[in-house]
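Reckoned from all heavy atoms, side chains included, excluding hydrogens, waters and symmetry mates.
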Amino acid sequence: ARDSKITEISIPSSVTTIGSYAFNWCTQLQEVYIPDSVTVINEHTFGACLGLRSAHLPAALTEIKRSGFERCPSLKEIVIPAGVTKLGDYVFHDCDSLTSLTVRAIEPPTVSSSTTLSTLYNIAKLRVPRGVIEDYKAANYWKNFLTIVGDEYDFVVDGIYYVKTGEQTASVTYKDTDYNTYSGAISVPKAVTHEGVTYRVTGISFEAFKDCPDLTSVALTKRIASIGFNAF
């Protein structure tokens, strides 16, 4: 698809594998939505997408292989889902505008080599789950980031705080940097709408209800597929 004129693409959920080099050098591609059916970003899949500004990665993602997003100079921020365990060589090499890198994995993903993240160390703010900041500061290669801070919520609806986990999915998260002031009876809905987008609520994230002595009950729906470490 080299030099394709496509500017935005939403990959259908029937797709389970995106081949290596599939969108390599799609210089006019600006935004891409990847479904939860895709678990791996292959080699050079979005390499040299010079105009790529936004890549929505699926909650089911486990690995980004060599040069998956190498040379994407228009990419300003990206969120690595909680299930990612490995990043290959040159994944974000020469992404000169990438100033916000959010990693939601509790255990720092394995980084193949120094080339994976090296061009980001001084320009990108690394956001990680608040309770494991010290783990990232001690982890090989991750520790080289100049700025490592705790990740916060993406939006709040009816007093419940959420992080986005996919294009249309979200998980309940902790309230703020001082942990929580959740109290009383909390009812987690099946779905919430924020800025015109409806998100299915599919999880309770890491430490979501930690340190809430005044919490009396939490009602969950059948859609909750995961409950994170130390959630309560």
Side-chain angles (χ1 to χ4, degrees), residues 8-18 30-41 52-62 64 76-85 100-106 127-132 150-212 214-232:
E8 180 178 333
I9 187 168
S10 182
I11 298 170
S13 59
S14 58
V15 173
T16 58
T17 302
I18 304 173
Q30 297 179 19
E31 191 164 18
V32 62
Y33 295 85
I34 304 170
D36 282 343
S37 52
V38 174
T39 59
V40 175
I41 302 297
L52 187 65
R53 298 176 182 174
S54 180
H56 304 267
L57 304 184
L61 195 68
T62 61
I64 304 176
K76 295 182 179 181
E77 61 180 352
I78 196 164
V79 177
I80 307 299
V84 171
T85 60
S100 177
L101 175 63
T102 300
V103 183
R104 296 209 158 120
I106 301 305
R127 301 176 184 276
V128 301
R130 182 175 50 206
V132 293
D151 186 25
E152 299 298 336
Y153 58 87
D154 288 320
F155 61 89
V156 56
V157 176
D158 295 333
I160 299 178
Y161 290 71
Y162 299 92
V163 289
K164 300 175 186 177
T165 55
E167 180 183 347
Q168 292 181 314
T169 58
S171 289
V172 177
T173 190
Y174 41 72
K175 188 171 183 178
D176 53 37
T177 54
D178 296 321
Y179 282 96
N180 298 300
T181 55
Y182 285 124
S183 63
I186 299 294
S187 181
V188 177
K190 293 180 180 179
V192 292
T193 299
H194 175 69
E195 294 184 347
V197 179
T198 297
Y199 299 88
R200 291 178 290 111
V201 181
T202 59
I204 307 298
S205 73
F206 173 76
E207 297 188 343
F209 293 104
K210 179 181 178 180
D211 294 341
C212 294
D214 297 322
L215 189 66
T216 58
S217 67
V218 179
L220 306 179
T221 71
K222 292 181 179 180
R223 286 188 175 180
I224 299 299
S226 63
I227 298 178
F229 180 72
N230 271 357
F232 295 96

For this session: Kindly write out the residues that satisfy salt bridge (Lys or Arg N to Asp or Glu O under 4.0 Å) with D154, not counting sequence neighbours, or none if the list is empty.
Result: R104
Exercise. Should V172 and Y162 be marked as a side chain to side chain contact (heavy atoms under 4.5 Å, CB included) after you check the CA-CA gap, both sets of side-chain angles, and the distance that decides it?
Worked result: CA-CA 4 Å; V172 177; Y162 299 92; 3.8 Å; yes
For this session: Name all residues meeting the side chain to side chain contact (heavy atoms under 4.5 Å, CB included) criterion together with R127; count only those two or more places apart in sequence or in a different chain, and write none if there are none.
Result: S100, T102, K125, V149, D151
Problem set entry | S54 side-chain N/O to E31 backbone N/O, donor-acceptor pair under 3.5 Å | no
For this session: Could you tell me the separation between the CG atom of D36 and the CG atom of L57, rounded to the nearest 0.5 Å?
Result: 10.5 Å
Exercise. Below 4.5 Å, heavy atoms only, C-beta onward: do I34 and I41 meet side chain to side chain?
Worked result: yes
For this session: First locate atom CD of Q30, then atom CD of E8, and finally report the distance between them rounded to the nearest 0.5 Å.
Result: 8.5 Å
Problem set entry | With P35 via side chain to side chain contact (heavy atoms under 4.5 Å, CB included) - residues at least two apart | I11, S13, S37, V38
Seminar exercise, completed: Applying ring-ring contact (aromatic ring centres under 6.0 Å, His included) to F232 and not counting sequence neighbours gives F209
Exercise. Would you say the side chain of I186 lies within less than 4.5 Å of the side chain of C212, judging by non-hydrogen atoms?
Worked result: no
Pairs under 3.5 angstrom only: tabulate donor-acceptor contacts from the side chains of residues 214-231 to other protein residues two or more places apart or in another chain.
unit_1	atom_1	unit_2	atom_2	d
T216	OG1	G184	O	3.0
T216	OG1	A185	N	3.3
T221	OG1	R223	N	3.2

Exercise. What are the two closest non-hydrogen atoms of V188 and I204, and how far apart are they?
Worked result: CG2-CD1, 4.4 Å
For this session: State, to 0.1 Å, how close V84 and A105 come at their nearest heavy-atom pair, and which atoms those are.
Result: O-CB, 3.8 Å
Exercise. How many angstroms lie between OH in Y182 and CG in D211, if you round to the nearest 0.5 Å?
Worked result: 13.0 Å
Problem set entry | Inter-residue atom distance Y174.OH - F206.CZ, 0.5 Å rounding | 7.0 Å
Seminar exercise, completed: Here the side-chain hydrogen bond (donor to acceptor under 3.5 Å, both in side chains) pairs for residues 184-195, sequence neighbours left out, are T193-T198
